[in-house]
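Note sheet for the following structure.
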2 protein chains.
Amino acid sequence: MNESTVTEEKILQAARLEFEKKGYNGTRMQVIADVAGISKASLHYHFRSKDNLFQRIFNDALNDYIPLVNTWKDDSLSWEEKVNRFTADLLEFVQKGTMLFIIREINRNPDLLSERIKKAKSNNSLVTYFEELNNTGQIRQTDPRLLYIFLQSICCFPAINNQMFRKVLRLTDRQYNELMEGYARAAASFIIHAIKK
Amino acid sequence: MNESTVTEEKILQAARLEFEKKGYNGTRMQVIADVAGISKASLHYHFRSKDNLFQRIFNDALNDYIPLVNTWKDDSLSWEEKVNRFTADLLEFVQKGTMLFIIREINRNPDLLSERIKKAKSNNSLVTYFEELNNTGQIRQTDPRLLYIFLQSICCFPAINNQMFRKVLRLTDRQYNELMEGYARAAASFIIHAIKK
DNA sequence: AATTGGTTTGACCAAATGGTCAAATGCAAA
DNA sequence: TTTGCATTTGACCATTTGGTCAAACCAATT
């Protein structure tokens, strides 16, 4: 890893931190430079502009997220086990705090998604999978698209809304962490009960 | 309604629009003034500062949201009917787009919630209600706090993440609206199946 | 008509902010 | 040692932005 790559790595790390915490509009190039331990001029040398740097960070985030939704085929697990694995995987990702970042920025500028989705695989594999379960009568008849939304909602929302949940439920950080400890399992169980015959 | 109140109403409406769409950091006082059809100086005459105006808008939003969670006692509906009403009420609110605003700003500055929650009623009425259902064995044993999170997630997340859902599910605006038409009922049904014995 | 008091505004200000540039620095090859 | 090239940086710039202020405006009262 040459010297330039090291600097750029430091920049990307700092930028990820700042953009995810403060959002595009709340982020200052000077702060990114400070956190990375370099000058603002150097920052602009490596990444031409704020938009440029942001694009990079945002795409990296999407790249971490999008593949998560495609873990439904290519193995012999039962659908219950697949739900278990999906909630576990998604919750682990979502806990990093990247989800609110993605949603916030997509909402600021919907075009951020448009290009990306166009070149994605043909169809949502979760939807296809549950359509099949529906057709073969293995689950209670449910619109697979709604199922997709329910799963995503239950997994993603707690991480996005944790400040509110913490306070409304009057939990200390410790108590909240304890509660979320078993969240993936509880969520999977909730979902499975909701759709099994 | 005197002349001054009219102006302030115009300002509040414009400010709500801007703050909800762009967030605190993305909002410009000049734009609020333009949308309200007055000068920036006049805007500052009525609301001392950006923070001041924002506080007002944010508190109004919270005031619309918080009471929604307390519709669980004081009537003779069955718990299934209460779930139905809750999802319907919450979804109606959430459709207005205020939810992402609230979450985004709380995340920017967690203190926005702290003061408010302290002077709220003693305990979350949904949690109390489902605790009772648990104790009297009317539903499948489930941590009522998790239940609270599940309900909120299923109702709130679609409105927050609609850009993503729309595109990932490859739906036109028309198709998406059709899908969301029956969302409240489908969500309630999903939840009821998940916890009934 | 003159006075008064609330309201509105154009002009202006200071600070913040993304971005540029020429000069300096360091380092490897010749 | 010198040359050449990538990297770094302090100084600087133009624009944006929240906020101020004195002067103008206007409706009601005297």
Side-chain angles (χ1 to χ4, degrees), chain A residues 1-61 101 104-109 111-112, chain B residues 1-61 101 104-109 111-112:
Chain A
M1 190 146 76
N2 68 44
E3 203 51 40
S4 170
T5 319
V6 170
T7 308
E8 283 175 18
E9 216 42 62
K10 281 192 296 182
I11 293 176
L12 287 172
Q13 201 184 325
R16 202 174 312 130
L17 231 91
E18 287 304 306
F19 279 131
E20 288 191 356
K21 195 173 3 174
K22 307 289 188 79
Y24 181 87
N25 283 321
T27 293
R28 304 288 159 246
M29 291 299 267
Q30 184 63 64
V31 174
I32 293 177
D34 291 347
V35 172
I38 58 169
S39 71
K40 196 177 54 157
S42 184
L43 174 55
H44 273 89
Y45 171 78
H46 288 282
F47 297 88
R48 215 167 289 282
S49 69
K50 187 180 180 183
D51 285 86
N52 187 283
L53 182 52
F54 174 81
Q55 278 292 343
R56 175 66 182 274
I57 300 296
F58 183 79
N59 277 327
D60 287 357
F101 167 64
R104 193 208 283 133
E105 302 306 329
I106 285 177
N107 205 275
R108 179 177 64 86
N109 176 10
D111 290 340
L112 285 171
Chain B
M1 188 145 78
N2 69 44
E3 204 51 41
S4 171
T5 319
V6 170
T7 308
E8 282 175 21
E9 216 41 63
K10 281 193 295 181
I11 293 176
L12 287 172
Q13 201 185 324
R16 203 175 313 128
L17 232 89
E18 287 304 306
F19 279 132
E20 287 190 357
K21 196 174 358 174
K22 308 288 189 80
Y24 180 87
N25 284 320
T27 293
R28 303 289 160 245
M29 291 300 267
Q30 185 62 63
V31 174
I32 293 177
D34 292 347
V35 173
I38 58 169
S39 72
K40 196 176 57 158
S42 185
L43 174 55
H44 273 90
Y45 171 78
H46 288 282
F47 297 88
R48 215 167 289 281
S49 68
K50 186 179 179 183
D51 285 86
N52 188 283
L53 182 54
F54 174 81
Q55 279 292 342
R56 175 66 181 276
I57 300 296
F58 183 79
N59 277 328
D60 287 356
F101 168 63
R104 193 209 282 134
E105 301 308 327
I106 285 177
N107 205 273
R108 181 177 62 85
N109 175 12
D111 290 339
L112 286 171

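Here is how names work: the chains are called A, B, and so on, in the same order as the sequence lines, proteins then strands, and each is numbered from 1.
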Closest to side chain of [X], choosing from [options]:
{"X": "B:Thr7", "options": "C:dT8, D:dC21, D:dT8", "value": "C:dT8"}
{"X": "B:Ser39", "options": "C:dT8, D:dG10, D:dG19", "value": "C:dT8"}
{"X": "B:Lys40", "options": "C:dG18, C:dG10, D:dG19", "value": "D:dG19"}
{"X": "B:His46", "options": "D:dT8, D:dT20, C:dT8", "value": "C:dT8"}
{"X": "A:His44", "options": "C:dG19, D:dT8, D:dT20", "value": "C:dG19"}
{"X": "A:Lys50", "options": "D:dG19, C:dG19, D:dC21", "value": "C:dG19"}
{"X": "A:Arg28", "options": "C:dT17, D:dG10, C:dT8", "value": "C:dT17"}
{"X": "B:Tyr45", "options": "D:dG19, C:dT8, D:dT9", "value": "C:dT8"}

Rounding to an integer number of Å, can you tell me how far [X] [atom1] sits from [N] [atom2]?
{"X": "A:Asp34", "N": "C:dG18", "atom1": "CG", "atom2": "P", "answer": "12 Å"}
{"X": "A:Asp51", "N": "C:dT17", "atom1": "CG", "atom2": "C1'", "answer": "14 Å"}
{"X": "B:Ile32", "N": "D:dG18", "atom1": "CD1", "atom2": "P", "answer": "8 Å"}
{"X": "A:Ile11", "N": "C:dG18", "atom1": "CD1", "atom2": "P", "answer": "15 Å"}
{"X": "B:Gln30", "N": "D:dT15", "atom1": "CD", "atom2": "C1'", "answer": "14 Å"}
{"X": "A:Leu43", "N": "C:dT17", "atom1": "CG", "atom2": "P", "answer": "15 Å"}
{"X": "A:Met29", "N": "D:dT16", "atom1": "CE", "atom2": "P", "answer": "18 Å"}
{"X": "A:Phe47", "N": "D:dT8", "atom1": "CZ", "atom2": "C1'", "answer": "15 Å"}

Indicate whether any N or O donor in one side chain lies under 3.5 Å from an N or O acceptor in the other, for [X] and [Y].
{"X": "A:Asn25", "Y": "B:Tyr24", "answer": "no"}
{"X": "A:Gln30", "Y": "A:Asp34", "answer": "yes"}
{"X": "B:Glu105", "Y": "B:Asn109", "answer": "no"}

Aromatic contact, B:Phe101 with B:Phe19 (centres under 6.0 Å):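 That pair fails the under 6.0 Å test.
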Tell me whether the NZ or CZ atom of A:Arg108 lies within the 45° cone about the ring axis of A:Phe58 and under 6.0 Å from its centre.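 Relative to the ring axis of A:Phe58, which defines the angle, A:Arg108 lies outside at least one limit.
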If you pin A:Tyr24 and A:Ala41 to their nearest nucleotides in DNA chain C, which one's is more 5'?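 Going by which nucleotide is closer to the 5' end, it is A:Tyr24.
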